[in-house]
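Quick notes on the structure that follows.
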Amino acid sequence: MIHFSGWDIAVVVLYVAGVLGIGWYAVRRQRARSAAEFLLAGRSLTVPVFVMTLVSTWYGGILGVGEFTYSVGIATWVMQGVPYYIFAILFAFLLAGRIRSAGGITIPDRLEQVYDRRTAFLGAWLTFLLMTPAPYVLMIGVLIQMITGWGLPLCILSGTIVTGVFLLAGGFRADVYTDVYEFILMFAGFGLILPFAVHAYGGWDFLAAHLPPLHLTWHGGSSPQFIIVWFFIALWTLVDPSFYQRCAAASSPDVARRGILWSVLFWVIFDMMTATVGLYARAALPGITQPVMAYPLIAEALLPPVAKGFFFVGLLATMMSTLNTLMLVSGTMLGRDMVRLMRGWREQGSTVYGAGSTEHEAGLQDGEEAGKHERRRVQWGMVVSAVLAIGLALAVPSVIKLWYVIGTTLVPGLLVPLVTSYFDDLRVDARTAFYAMLGGWLTSLIWMLAGWQLQYGSAESYPWGIEPMFPGLAVSVAVWMWGKMRARTT
């Protein structure tokens, strides 16, 4: 279906060599062996670097964007773009500076700081599940399979190894450096294919004449309920650990705020590019039976050798930049936070005491030996997380199913306790926070299981036709409100 010349393969090989080379350079650039260096690059991110690493990290599901655009047209921007812009802007003004000032490393650090160890452990568990790399391991495996023709298991394994090998040694700095490289390539790849499309097919007149009329409407024929659901799914932004990690790694609270706002601008630009390519795919290739193949097939139809390889490198870079972060964050949750909290002991540097504490008070200037042990636990956590992700990707080879289960069951548990922890007037006691988190998660999970079908749940299969996310959020908010009212009466 996709044919690659030797020149295209050479371009892909050069990309992989570049990733490994930059990862190795990041290892050489490490300034210390502390946890702050390995997990936050020494809190040194400037605005340009912050923007490039956040923008590239947030776009791992690029084949899904192509599928969505092929299916509903410019409504993709309304459902997959606008909600995320809104919540990212809210994150910038409400949370970014507070996260940097709090001085912690991870989301469980914050939960333990404000609530207690039990709530922190549950938060670590939910964050670990939320950040499973399985969907992106699967997507990279599928893309490598298109390029090489190898079996899917081998492609998944090779993609995971290439992504993980430099992270094991370089940590967050290696993640950030490769994100900068991949940011450039993802924009360049889509910037390359657009002129070919315009030259081959024409401009707006071609699209208007060959697209279904609903593809050029803001709603794409989708119902208001369907559109609203995507706004709720975008709440993921407010609990996404990659946002928290980058804000904590910023050189100042102002850098964190400005970095997110600039990132929104680049997301808008990239969304316009990807949506336009998706529209050309729908107009020029109306018979695609698997819309998830929209981008690869339009590239096959349009691009000559080398250019085709370069475009596929852009797709691969978009996915790998996200996989980098997911592997590091999930490994941190498992190897650092969950192990520490389960064992009931606290190393210097693993917990922050008091909002706004200095790095010295937070223990982040830990000794070389303490940092070495913490790094080792995170590295083992990354290995275990990668193995679990490979197994899950092979067992459930559907990105949509994986995203659906992860987002609708986990976000309702994390959202309310985590976001309110940064506002004194909104905080509740530790017991209430724990049950709000547990209740939100379990309610959504049970609701999903109650309506489970082999089709993985259309809305009609759930009790009263209600998506699992809504009752989960309702329970979490209700428990939180009960805690606030109880606090006022005592």
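No hydrogens, no waters, no symmetry mates; every other heavy atom, side chains included, goes into these values.
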*Face-on cation placement of Arg118 at Tyr435 ring, 6.0 Å and 45° thresholds*: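 Yes.
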_Over-ring placement of Arg110 relative to Tyr422, 6.0 Å and 45° cut-offs_ =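 The answer is yes, since Arg110 meets both limits relative to Tyr422.
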Might you point out which heavy atoms bring [X] and [Y] nearest each other, and give the distance in Å?
X	Y	result
Ala134	Leu392	CB-CD2, 3.7 Å
Ser330	Phe128	O-CD1, 3.4 Å
Tyr244	Leu238	OH-O, 2.9 Å
Gly472	Ser444	CA-OG, 3.2 Å
Thr163	Leu323	OG1-CD2, 3.5 Å

Measure from the ring center of [X] to the ring center of [Y] and say whether it is less than 6.0 Å.
X	Y	result
Phe183	Phe266	yes
Phe270	Tyr59	yes
Phe87	Phe231	no

Reported [atom1]-to-[atom2] distance for the pair [X] and [Y], which is rounded to 0.5 angstrom:
X	Y	atom1	atom2	value
Leu326	Leu167	CG	CG	10.5 Å
Glu182	Ile22	CD	CD1	8.0 Å
Leu168	Arg375	CG	CZ	10.5 Å
Ser252	Arg258	OG	CZ	7.0 Å
Leu442	Met437	CG	CE	12.0 Å
Leu414	Trp125	CG	CH2	12.5 Å

*Before accepting this row, confirm whether a basic side-chain N of the pair Asp109/Arg336 lies closer than 4.0 Å to the acidic partner's carboxylate O.*
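Salt bridge present between Asp109 and Arg336.
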*Is Asp337 paired with Arg377 through a side-chain N to carboxylate O contact shorter than 4.0 Å?*
no
Counting distance only, does the side-chain N/O of [X] pair as donor-acceptor with the main-chain N or O of [Y] below 3.5 Å?
X	Y	result
Ser101	Gly97	yes
Thr160	Ile156	yes
Thr127	Gly123	yes

Just checking, any donor-acceptor pair under 3.5 angstrom between side chains of [X] and [Y]?
X	Y	value
Asn324	Ser321	no
Thr53	Asp175	no
Thr57	Arg246	yes
Asp240	Thr237	no
Tyr115	Asp429	no

Find out whether [X] and [Y] are in side-chain contact, i.e. whether some heavy atom of one side chain is under 4.5 Å from a heavy atom of the other.
X	Y	answer
Leu315	Leu143	yes
Phe310	Leu185	yes
Thr409	Pro468	no
Cys247	Pro253	no
Phe423	Val419	yes
Ser44	Arg173	yes

Counting only heavy atoms from other residues, nucleotides and ligands, does the tally under 6.0 Å from [atom1] of [X] exceed 12?
X	atom1	value
Phe93	CZ	no
Trp236	CH2	yes
Trp267	CH2	yes

*Relative to each other, are the rings of Trp58 and Phe243 parallel, tilted or perpendicular (30° and 60° limits)?*
perpendicular
*asked:* Please verify the inter-ring angle class for Tyr181 with Tyr15; under 30° counts as parallel, over 60° as perpendicular, anything in between as tilted.
replied: parallel
*Report the residue from Val477, Leu235, Leu473, Val239 that forms a side-chain contact (heavy atoms from CB on, under 4.5 Å) with Pro412.*
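Output: one option passes, namely Leu473.
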*salt bridge (charged side-chain N to carboxylate O under 4.0 Å, His left out) between Glu37 and Arg43: does it pass, once the steps are laid out?*
CA-CA 8 Å; Glu37 170 62 34; Arg43 299 193 190 276; over 6 Å; no
